[in-house]
Amino acid sequence: MIDLKTISSIALRAIRANKMRSTLTSLGIIIGVAAVIIMLAIGHGAQISIQEDMKTMGSNLIIIRSGSSTSGGARGGRGSLPTMKAGDGNAIQEKISKIRLAAPVLEQTNQVVYGNANWATSITGTDNRYFELKEWALAYGRSFSDSDVKNASKVAVLGRTVVTELFGDVDPIGKTVRIKGLPFTVIGVLEKRGENGMGMDQDDGVYIPITTAQKKVIGITFPDQVNVVMLQAVDAESTYSAQEDIRRLLRQRHNLGANKDDDFIIMNLTQMQEMMESSTRIMTILLGSIASISLIVGGIGIMNIMLVSVTERTREIGIRMAIGAKSWDIRMQFLTEAVVLSLIGGIIGIITGFAGVELIKIFSNFKAQISILYVIVPFCFSGLVGILFGFYPAYKASLLNPINALRYE
């Protein structure tokens, strides 16, 4: 019986003897492995992007919006029925132990003016809890004090985009901007966050005390009105279990009878994140499955070439059998050639895949990410393809009759 080292040496010599044919045969495996790595890297990158985007929004968040209105049979959209109060958030934080923080939010788009410069941006009335639950630190300056909120002070914290558009390289701290003609002193600048998953610039905003927004800038139709109450649960699991407690408390506070619909909408961002990640995982599996078809096609190419090789080397097979080689030795020789050919294609495919991922990063903003698992799986699969599609030619070679093989021309 020929040992594995000898068989491998013979296999490599046979591959080198037909370099062009071997290269073309491996091309299907190369393309297949590279395609699988690139597709899986794209899917993995999408998952990471979702996680990063959700992280910039804060962790374990629940958002409560005002409900929709109905007038004359016409139904308004979300928030068209103003029902939420800042006090609702305070009550939730106070009475539901699973909720760590609650921040009121009142928003409106408006023009902000500094000297000769002006910029249309989002004006958000809130308090310090907003920055805490969004885990958003200040780059410099300070945030609102309890006194600022209590006295409806005209102070503002700016996002980086607003600073760039209005002040350029000038330090904005202590400067005065005007919102709806009212002067606001800039007291802080937030750290840069960039765009979220929906392409919205998170740094394009001005933040003022909630009471200032209610009384002096945005205006409200009833006392303590807000657009949104943002909640942060103590952990991800609590975002699910706390929802019914929140619903019961709000229905009680809003005096809703048993037959009345909720006049608010509860959105669980943790649930949304999990749904998006699940969809991305399915997409990754789908992309990988489609790309793996190339490996199957490459395997068929290997089988065809190995069948041709068996025919070409019939006399060689006859000579080996005549000098004592067994059917198992012949089978192992051709099977090893198929596997080696496939694995060489797999190695080149891995290099090509890495190069393809780097090109995607260079020429696009997409964050394709390679996981070690996404390299091991296609490489092992390429070896399996070599075994599966090399078995039949190897088996056919081992069945040849030595006498007929020696007579073959």
Under 3.5 Å, side-chain donor or acceptor atoms of residues 345-363 against the rest of the protein: list the pairs with distances, not counting sequence neighbours.
{"residue": "Thr352", "atom": "OG1", "partner": "Ile348", "partner atom": "O", "Å": "2.8"}

Q: List the steps and the verdict of side-chain contact (heavy atoms from CB on, under 4.5 Å) for Arg251 and Asp262.
A: CA-CA 7 Å; Arg251 287 185 64 84; Asp262 295 342; 2.6 Å; yes
Q) Could you go step by step and tell me if Thr239 and Asn60 meet the side chain to side chain donor-acceptor pair (under 3.5 Å) rule? A) CA-CA 6 Å; Thr239 61; Asn60 310 326; over 6 Å; no
Q | Full working for side-chain contact (heavy atoms from CB on, under 4.5 Å) between Val186 and Val177 | A | CA-CA 7 Å; Val186 178; Val177 297; 4.0 Å; yes
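For the salt bridge (charged side-chain N to carboxylate O under 4.0 Å, His left out) condition, no pair includes a residue of residues 152-180, sequence neighbours left out. For residues 88-99, the side chain to side chain donor-acceptor pair (under 3.5 Å) pairs, not counting sequence neighbours, are Asp88-Arg253, Asp88-His254, Asn90-Arg129, Gln93-Arg129, Lys98-Ser241.
Donor-acceptor pairing under 3.5 Å is recorded for the side chains of Asn118 and Gln111.
Between Asp148 and Arg142, the closest side-chain pair of non-hydrogen atoms falls below 4.5 Å.
No donor-acceptor pair under 3.5 Å is formed between the side chain of Gln225 and the backbone N or O of Gln214.
Between Phe144 and Phe131, the ring planes lie tilted relative to each other; the angle falls in the 30° to 60° range. Using a 30° and 60° split on the angle between ring planes, Tyr207 and Tyr130 fall in the tilted class, from 30° to 60°.
The two atoms that bring Ala242 and Ile99 nearest to each other are CB-CD1, 4.1 Å, heavy atoms only.
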